[in-house]
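Throughout, a chain's letter reflects where its sequence line sits, starting with A, and its residues are numbered from 1. In what follows, every heavy atom counts, from backbone to side chain, and hydrogens, waters and symmetry copies are set aside.
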Amino acid sequence: MDHTPNSKLPADLGAPPFVGVWQRRALVIGGVASVLAVALGFVGQFQDGLGWGHLLRAWTLGTVVVWGFAVGGLALLMLQYCSGGRWGLVLRRPLEAMSSTLPLVFIYWLAMAVFGRHLYLWAKYTSIESTAAALSAGLITEFQQHCLDFKRAMLNPVAYVVVSLVCFAIWFLFAQRLSKLSLVRDGQSPEAVPNWTAKFENIGGPGLVLYALTMTAAAIYWVMSMDVTWASAVYGLLFLVGQGYSVLALGIVTVVVLSRAEPFKTLLRQSEQHDLGKLAFAFVMLNVYLAFSQFLIVWSGNLPDETGWYLDRTRGGWGAVMTLDFVFHWLVPFVLLLSRNLKRNKKRLAAVCLWMIFARCWDMFWLIEPNFPDAARNLHLSWGILEYIAVPVALISFWAAYYSKQLMARPLVAINDPLLSEILEAEDGAV
Amino acid sequence: MMREEIYGLLAEFDTPEELVRAARQAYSDGWRRMDCYTPYPVEEAIEAIGVRGNTVPLLTLVGGLLGGTVMFALEEWISTVAYPLNIAGRPLNSWPAFVVPAFEFTILWAGLSAAIGMIALNGLPALYHPLFNAPNFRAGASVDKFSLCLEAYDPKFDAVEARTYLESFKPISVVEVER
C-alpha cells in the first residue's frame, strides 16, 4: 500500500515552549513538597520518634515509582523496536526521555543504600550473634531470626550494593546506547532503515530478557526484602506489569498534553491514541490478574510462613487500604477504559492515566508501609505517615522536571522511520 | 418502474473515498434510508450514513455481568447450601476461590453475547436480500467496489430524481435493485 502523507511534517520538531514551563513548575512543587517533608519529619520525630523513618520509607516509595518510569520506559522502548507498530513511533522519544532519567533514579537510590539499616532488617543484623541478641532483646521474632540467618548469603549489604550497581550499569548501558543510536539513525538516509530496524531488534530482544532479570533482582532487593520472612515467585512479574502500567499511563499523559501544540498536534492521531488506550487497558487487566493470582495461591496454601504477609496488610485497618487499592488500581481504570469513546477523548484518557499513576503510588504504599512493625496490622494516622504524600510528590516532581529537560533535549519524533509517513496520513481514508 | 417494485438504487464506486463522500453528502441532504456495501469494513462509511454507536457493547456488558453473577451464585449455592463441605477448615463461603470460575464465565458470556448479538443485530441469518438481484453486486461489493444504496422506503425517494442525484457523484454505474 502506498503511504502518501496527507499532513505535512511540522517544521519544528522540538518540544513546545510550555514544556519549559512545566519544568519550572515541577521544580517549584518539588521544592515546596521537600520543605513540607522535612517539617513533617521533625513533627513526626517529636510525635512518635518515627518521623525520619517514615521519610525514608516514603522516599523508597518515590524512588520505586520513578524507577518504574525510567526502566519501564526503557523496557517499552525496546519492546516497541521488537514489536513495531505506529504507537511505538508516537511514544519513542518520550520513552527515550524516560530512560534517560536513570542518573536521577540512581541518586535517589543512593539514599536507600546509605540508610539501608533503617529499611531492611538484614542490613541491621548482619551476623548470627546480632540476630541472637536481637531475639533475646525481643526486637525480632524467632521466625525472623531464622530467615535472617538462613538468607544472609543473599540478603547482605555487600550483595545489595553489588547487585544494584550491576543492574544500574546494565540499564544505563542500554538506555545510553538506544538514545544515541536513535539520533544517529535520524541523520542517515532512508535506505539505511532496514539495517537500523535489525540493529534495534538485536539490541531490544536480549535487552528485554536482561531487563526482566535485573528488574526482578532489584525489586526483590529493594522492596520485597523489607520483609525477610516472605517470598513470592511472581514478585518480579508484578513489578514488570506495574511498570508497564505506569509507563503507558505517563506516556499517554505526555503525548496528550504535548498535542496541545505542534509537533504532536499533527503527530498524535486518534487511532494511535486509541491503540495506546487499549494497551493500557490490557496492562490494567494483567496487573490485577497477577496480583489476585498471588493472593489466591497464598490463600489456598494457607501456610503460616506465607499468610503473615497478607495478614499484615489486611488486619488492623489495612483491609480498607487493600480494598481501595483494588478499586483505585483496577476497578476505576478498568470500567472507564472499557469505553471506546473515552479512549478516543484526549482529556478524559489523560485524566484516567493520571489516576492510574496515583493508583500505582497507592499500591506501593500498601506494599511498603506494613513491612514495619509499627504499622503492620495497625494502620494509624500520625504526622509521619503524611510523608507518604510529601516525599513522593517531591521526588516525582523533581523527576518530572528532569524528564521535561530530556524531552526538550531532542526532536520529539524520530524522522527516519517509514512509520512516520503512516501517522502523517489523514485518518479518515476519505476527506 | 413503480416504487413498490424496486428496493432501491445502487451506485457503485471505485474507491472508499468516493463512497464516503457521496454517503456524507446524501446524509446531509436529508437521506436516511440508505446503506453502504464494501468489501472490507470502512468505519467512516458507517459514520457517514448517520449510524452513531450500536448496541453490541451494551449486550456484551450485560452478558458479561450476567455470566459472572450466575457463576458466582452457582458456586455460592453449591458450597454453602446444596453440598457444604469442610475443606481444610476454610469457611464454606470461600469467595476467593469462586472468583476464577466467575471471571472465566464473565469472559465466556461476554464473548458469546458479543458474537451472537452482532450476528442477530445484523439481521443474520437472512435467507433473502434484494440487493443480490442487482447486476454486478455479487462480483463488486465483495471484491473491489464500494456501493451506496438509496432505499425506496425513504420518503424522499423518487426513481428518476434519485438516479440523477446519484449520478451527480460520478459513480461507475447506477442500477435499480428489484425487490
| About how many Å separate OG of Ser339(A) and CG of Leu61(B), when rounded to the nearest 0.5 Å? |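 OG of Ser339(A) is found 11.0 Å from CG of Leu61(B).
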| request: Could you list which of residues 304-328 of chain A have a heavy atom closer than 4.5 Å to any heavy atom of chain B, in residue-number order? | output: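 When heavy atoms of chain B are the reference, residues 304-328 of chain A contributes no residue within the under-4.5 Å range.
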| message | Heavy atom to heavy atom, less than 4.5 Å: which residues from residues 100-125 of chain B reach chain A? | response | Val100(B), Phe103(B)
Surrounding [atom1] of [X] (heavy atoms of other residues, nucleotides or ligands, distance under 6.0 Å), is the total greater than 12?
X         : atom1 : value
Arg260(A) : CZ    : no
Arg163(B) : CZ    : yes
Phe143(A) : CZ    : yes

| Non-hydrogen atoms of Pro96(B) and Phe292(A) that approach each other most closely |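 Looks like O-CZ, 3.5 Å.
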| field | Closest approach of Trp299(A) to Ala97(B) (non-hydrogen atoms, all atoms of both residues) | value |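 The answer is CZ3-CB, 3.9 Å.
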| query | Under a 4.0 Å N-O cut-off, is there an ion pair linking Arg340(A) with Glu43(B)? | reply | yes
| Portion of Thr15(B) that has a non-hydrogen atom of chain A nearer than 4.5 angstrom |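 Answer is neither: Thr15(B) stays 4.5 Å or more from chain A.
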